[in-house]
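One structure is given here, and the rest of the page talks about it.
Here is the naming used below: chain letters follow the sequence lines, and residue numbers restart at 1 for every chain.
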Amino acid sequence: MAVPVTAPASQVRPVSARHFVKLKLRVMGNNFRGQGWRVALFLVGSLIGLWFAVGAFFGLAAPGLAGDDRYALLVAAFAGGLTVLGWLLLPLVFFGVDETLDPARFALLPLSRRTLVTGLFAAALVSVPTVAVLLALSGLVVTAGVFGGWSAALVSAVGVVCGLLLCVAGARAVTGAFASMLRSRRVRDLAAVLLAVLAASLGPLQLAGVAAIQDTDWDRLTGVASVIGWTPLGAPWTVGIDVAQGRAWAAPVKLLITLVTIVALLAWWSRSLESAMVGAASAGPTRARPGVTGGVVAQLFPRAVGRLRRDRFGALVSREARYWWRDARRRANLITIAVVGLFVPVMVNFGGQGFTIDSDQGFSAAGDSSPVLVSLSMLFVGLLAAVTLANQFGFDGSAYAANVVAGVPGRLELRARITAFSLYVLPMLAVVAVVIALVIGEPTWIGFMAGALVATYGAGLAVNSFVSVLGAYSLPETSNPFAMNSGAGVVKGMLTLLAMAATGALAAPMVLAAALLGDTWLWLGLPLGVAYGVGAALLGAYLAGDVLDRRQPELLALVTPRR
Amino acid sequence: MTGEHPALALRGLAKSFDGKVAVAGVDLDVPAGSFYGLLGPNGAGKTTTLSMAVGLLRPDAGGAWVLGHDVWADPVTAKQLLGVMPDGVRLFDRLSGAELLAYHGLLRGMDPAVVDQRAAELLDVLALADAGRTLVVDYSAGMKKKIGLACALLHGPRVLVLDEPFEAVDPVSAALIRDILKRYVAGGGTVVFSSHVMEVVQRLCSHVAILAGGTIKRVGTLEQVRGDRSLEDVFVEVVGGRTATGEELAWLSR
Ligand SMILES: Nc1ncnc2c1ncn2[C@@H]1O[C@H](COP(=O)(O)OP(=O)(O)OP(=O)(O)O)[C@@H](O)[C@H]1O
Ligand SMILES: [Mg+2]
């Protein structure tokens, strides 16, 4: 009659990592079911990945194939270290992590944390990027084998596999930690600052790298490489070459360093996993703001748009403006624009000022910045800002149904979304233009730089209005702002590339003008650029709005997550 | 106009997902001023039907008319007359309840002063005013239902389409919602809602339709459908339910 509270545990079969891997493969397969275009995109993406992997493989095997063991350590340490850094930082800034298996779904299952972490870790290893990186870095095994024979090759292979584990564990730990930080309101601004600092440190690193390359003192570089080889960044990748060059004693020590790091990262990840599992999609408790003044309409409108008319357009803009700040996923995108928007132009243009260590060296592409170079970097920033809207309806998910039910006209919808996003982005772009112009010491260039920025941004908005209406995809409803569906990852990449290419083509006249018009462009750039950008954005919203009117229910179906 | 046209007319609505038929040709006339209950087992196609009726999901075949206006050919007019609370759809839940109401009101082209006044009343009546500036995402499931209902009611639609409005709400709120809906119908409005709660349907509805396997099995006034039996008996008979014999699931009672 009464069900015993403690059920006998005798028939409980242990859950192993294998189950998680199988589950992930099954979920991926089901995502593809009946969607031929997804399969096709996935295949194309995988092929592109493989293509690059094969190229990198030969690059890394080059020292071995050329029989020149001077560079072997150098290549292993630097390429390996960059790979690890890339795995740590790129998911934060660009790609997100594949969360086909959402940890929150396991919250109710009686699984120990250890089982869960190893299982999810094993599942995370099953992905196209890991296969591609494994293939690419196997080039190191070839090099080690050439110089040190079978034993070195074997050690190197072990090292490469460990290195890959390190990369995956690192990516999970870092995104997990940031996600849980972004979730809680209290520290979300701190998280933004941290992320900014992290990305900012990439700039000096790159400059140091450029300086180091220009400084063709190979011995010193090799010194740097051997130091890197003793950090977790380079340890797993250099063991093979160590054995080959007669430092066999180093191999076990370095492997130990790697293993300890992996375990530490997994432990870190496991801590943030817990918060991911219990924390719902909520953005945390709201600050209680008593003393609500005015009616509900006054509450909806943020102060920045307080002067907007209280009508449909105003409501749409206000809601979007609030969402860009309140939705962790959108906020992460804004932070990315701010950080990358400042540092990429600095990196591209900085060469001329004070960092020229050896001006007769070959690395003069980053030499003195020119109007063309500056315009190109501005083009990149504008592109990046606009492409954030490529899946703007995906951010809304099924909530977009409210607008469908209310029958919001497509043109109004797109114009309002562009306006709200621009409330954040245009000030950022202005800051970028001013800061970069001052940093490169050409304050007179501010005008045409801002012109190029606005023109590209506007053209990008036009392109991405279409992309967002035609190529929307659903985002997983998890609490992790970096999460992606595995199927969508490739789709997202392809769409982003397409949109960026189209925008670049549309904005190319700005670069051409900077190259051809000379001094006239200094004062003509701003008005023309702004006119071009605003015109393009309005035209884009006008034309894409028409398409949206005909596709509202289809769009809603695309962005509704399948549960 | 109201006299000639049914409040909601569905003709031959059909939809299949990846070759699997969800709704197989539904015809329905909802008379103006009626309180219409849509019943059916899980997966019968209620949500799919209602979504197609209000313009959220494009049907494979058939059409829907709201007071004579084609939802798919003339969506602007038709949607103006409709108030909708869909099921399984998120709200813009990163807004507070008040902000959400203001958003919906303005989106419907209402005068801001009217929005202010009605929203304050609705929040008050539905006991949501205490939530203050809590974001809707942090509301309980029942509170979400209530704010969704408030959004659907705000612009004073002629026809209300509600998908499972009584799911997850507590008895007090349910009684409140029933009263609101009754007053709305008494004032000339039309309500169509889906529900699994027979008792509520029996108490409220003037008309009932039972949907199963994507087709309408029974339709008519409550009396016609029910006859002299209870609605639950009719429902179980139509749907072909089974009762547990006690043989299976023996492990449950250990
Ligand atoms: N987006 C979709 N993709 C594929 N199949 C779907 C989709 N939506 C609904 N279905 C299928 O259509 C059928 C009808 O679903 P629907 O949601 O309309 O049922 P319902 O009557 O609302 O059920 P419930 O009482 O559980 O809410 C189900 O078999 C369901 O699996
Ligand atoms: Mg339903």
Donor-acceptor contact below 3.5 Å, side chain Asn391(A) vs main chain Tyr473(A): yes
Options Leu95(B), Val115(B), Leu100(B), Asp93(B), ranked by heavy-atom pairs under 4.5 Å with chain A, top entry: Leu95(B)
Lys/Arg-Asp/Glu bridge criterion (N-O < 4.0 Å) met for Asp396(A), Arg94(B): no
Engaged part of His155(B) at the chain A interface, taking heavy atoms whose separation is under 4.5 Å: neither
Salt bridge (charged side-chain N to carboxylate O under 4.0 Å, His left out) partners of Arg58(B), counting only residues at least two apart: Glu554(A)
Segment of Ala557(A) engaging chain B (4.5 angstrom heavy-atom cut-off): neither
Partners passing salt bridge (charged side-chain N to carboxylate O under 4.0 Å, His left out) against Glu167(B) (at least two apart in sequence or in another chain): Lys145(B)
Polar side chain donor-acceptor pair, Ser16(B) to Asp60(B), under 3.5 angstrom: yes
Residue pair Ser468(A) / Gln392(A), side-chain donor-acceptor N/O under 3.5 Å: yes
Sole residue of Val159(B), Val191(B), Val192(B) in side-chain contact (heavy atoms from CB on, under 4.5 Å) with Tyr36(B): Val192(B)
Heavy-atom contact with chain B under 4.5 Å, split by part of Arg550(A): backbone
Part of Asp111(B) within contact of chain A (heavy atom distance under 4.5 Å): neither
Within 45° cone and under 6.0 Å: Arg319(A) NZ/CZ vs Tyr323(A) ring: yes
Proximal component of Leu101(B), with respect to chain A [non-hydrogen, under 4.5 Å]: neither
Per-residue contact mode, Pro112(B) against chain A (heavy atom under 4.5 angstrom): both
Main-chain N/O of Val30(B) paired with Ser34(B) side-chain donor or acceptor, under 3.5 Å: no
Proximity breakdown for Val76(B) and chain A, heavy-atom pairs closer than 4.5 Å: neither
Which of Val404(A), Leu316(A), Val405(A) touches chain B most, by non-hydrogen pairs under 4.5 Å: Val405(A)
Exercise: identify the closest heavy-atom pair between Ser318(A) and Val305(A): OG-CG2, 3.8 Å
N/O donor-acceptor pair under 3.5 Å between Asp116(B) side chain and Val296(A) backbone: yes
Check: Ala127(B) main-chain N/O paired with Lys146(B) side-chain donor or acceptor under 3.5 Å: no
Positive for side-chain contact (heavy atoms from CB on, under 4.5 Å) with Pro86(B), one of Asp163(B), Leu57(B), Val161(B), Leu56(B): Leu56(B)
Side-chain (Asp74(B)) to main-chain (His69(B)) donor-acceptor, under 3.5 angstrom: no
Side chain / backbone / both / neither for Phe301(A) at chain B, heavy atoms under 4.5 Å: side chain
Neighbourhood of chain B inside residues 406-424 of chain A, taking heavy atoms under 4.5 Å as contact: Ala406(A), Gly407(A), Val408(A)
Inter-chain contacts: residues 40-54 of chain B against chain A, heavy atoms under 4.5 Å: none
